[in-house]
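As the structure is a prediction and not an experimental result, all values here were calculated from the model.
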Amino acid sequence: MMNVTDDLQQRWWQLEAKLLAQFGKKPDMEGILFLIGLQETNFMPQKITKEQKQDMMHVAVCTLLAQSGFYVLEGHDEEGWPHFKQINELPVNGLIEQENFLKDHILLYFDKQGF
């Protein structure tokens, strides 16, 4: 009998396989968040700083969790960076549950993107 976690893992592996086929490298969670951040900001610098990479990943997490009403996009600053406001408390879970929560939102994001 398959449970919800098995289904999530199966779908996650399918996404990893698609990203591997697309980019020639299997990305980790940080890589996927960075990719989403790039997608959401349309920011393509020649050289990116560590701080900009962290900002991209923050944008990605906020974008992902906005899908479930935890954050709302407030607008963009003069440089085009999106700014979010947290409007609901995040569920407090263990590390595995938090990772699965984020994976589920990543899968939803890519599904909405038609990937």
In short, Ala60 meets Gly37 closest at the heavy-atom pair CB-N, 3.7 Å
Grouping ILVMFWY residues whenever side-chain heavy atoms fall under 4.5 Å, the cluster of Ile87 otherwise contains Val72
List, one per line, each side-chain donor-acceptor pair under 3.5 Å for residues 23-32, sequence neighbours excluded.
residue	atom	partner	partner atom	Å
Asp28	OD1	Glu30	N	3.3
Asp28	OD1	Gly31	N	2.7

- Task: Could you state whether Ile36 and Leu20 fall into the same hydrophobic cluster, counting links through intermediate Ile, Leu, Val, Met, Phe, Trp or Tyr residues with side-chain heavy atoms under 4.5 angstrom apart?
- Result: no
Hydrophobic cluster membership, with links at side-chain heavy-atom distances under 4.5 Å among I/L/V/M/F/W/Y: are Phe115 and Leu8 in one? yes
Between the CG atom in Leu35 and the CE atom in Met56, the distance rounded to the nearest 0.5 Å is 11.0 Å
Here the salt bridge (Lys or Arg N to Asp or Glu O under 4.0 Å) pairs for residues 55-84, sequence neighbours left out, are none
Any non-hydrogen side-chain atom of Asn100 less than 4.5 Å from a side-chain atom of Trp12? no
Tell me if a side-chain donor or acceptor on Gln52 pairs with a main-chain N or O of Gln54 at a distance below 3.5 Å. no
Residue set satisfying side-chain contact (heavy atoms from CB on, under 4.5 Å) with Asp111, at least two apart, ordered chain then number -> none
Interatomic distance, NE2@His58 vs CG@Leu33, rounded to 0.5 Å, equals 12.0 Å
Practice item. Give a yes or no on whether Trp81 and Ile48 share a hydrophobic cluster (residues Ile, Leu, Val, Met, Phe, Trp, Tyr; joining criterion: side-chain heavy atoms under 4.5 Å apart). Key: yes
Decide if atom CD of Glu51 counts as having more than 12 heavy atoms of other residues, nucleotides or ligands within a radius under 6.0 Å. no
Rounded to the nearest 0.5 Å, the CD atom of Gln113 sits from the CG atom of Leu108 at a distance of 10.0 Å
Here the salt bridge (Lys or Arg N to Asp or Glu O under 4.0 Å) pairs for residues 85-110, sequence neighbours left out, are Arg11-Asp104, Glu99-Lys103
The side chain to side chain donor-acceptor pair (under 3.5 Å) partners of Gln39 (sequence neighbours excluded) come to none
Sorted by chain and residue number, the side chain to side chain donor-acceptor pair (under 3.5 Å) partners of Gln98 (sequence neighbours excluded) come out as none
side-chain contact (heavy atoms from CB on, under 4.5 Å) filter on His76, not counting sequence neighbours, yields Leu73, Pro82
Q: Specify whether Tyr71 and Phe84 have parallel, tilted or perpendicular ring planes, treating 30° as the upper limit for parallel and 60° as the lower limit for perpendicular.
A: perpendicular
Hits for ring-ring contact (aromatic ring centres under 6.0 Å, His included) against Phe70, two or more places apart or cross-chain, chain-then-number order -> Phe101
What one should report as the nearest heavy-atom pair of Phe34 and Lys53 is CD1-CG, 3.7 Å
One should read off an interatomic distance between Leu64 CG and Leu107 CG, to the nearest 0.5 angstrom, of 10.0 Å
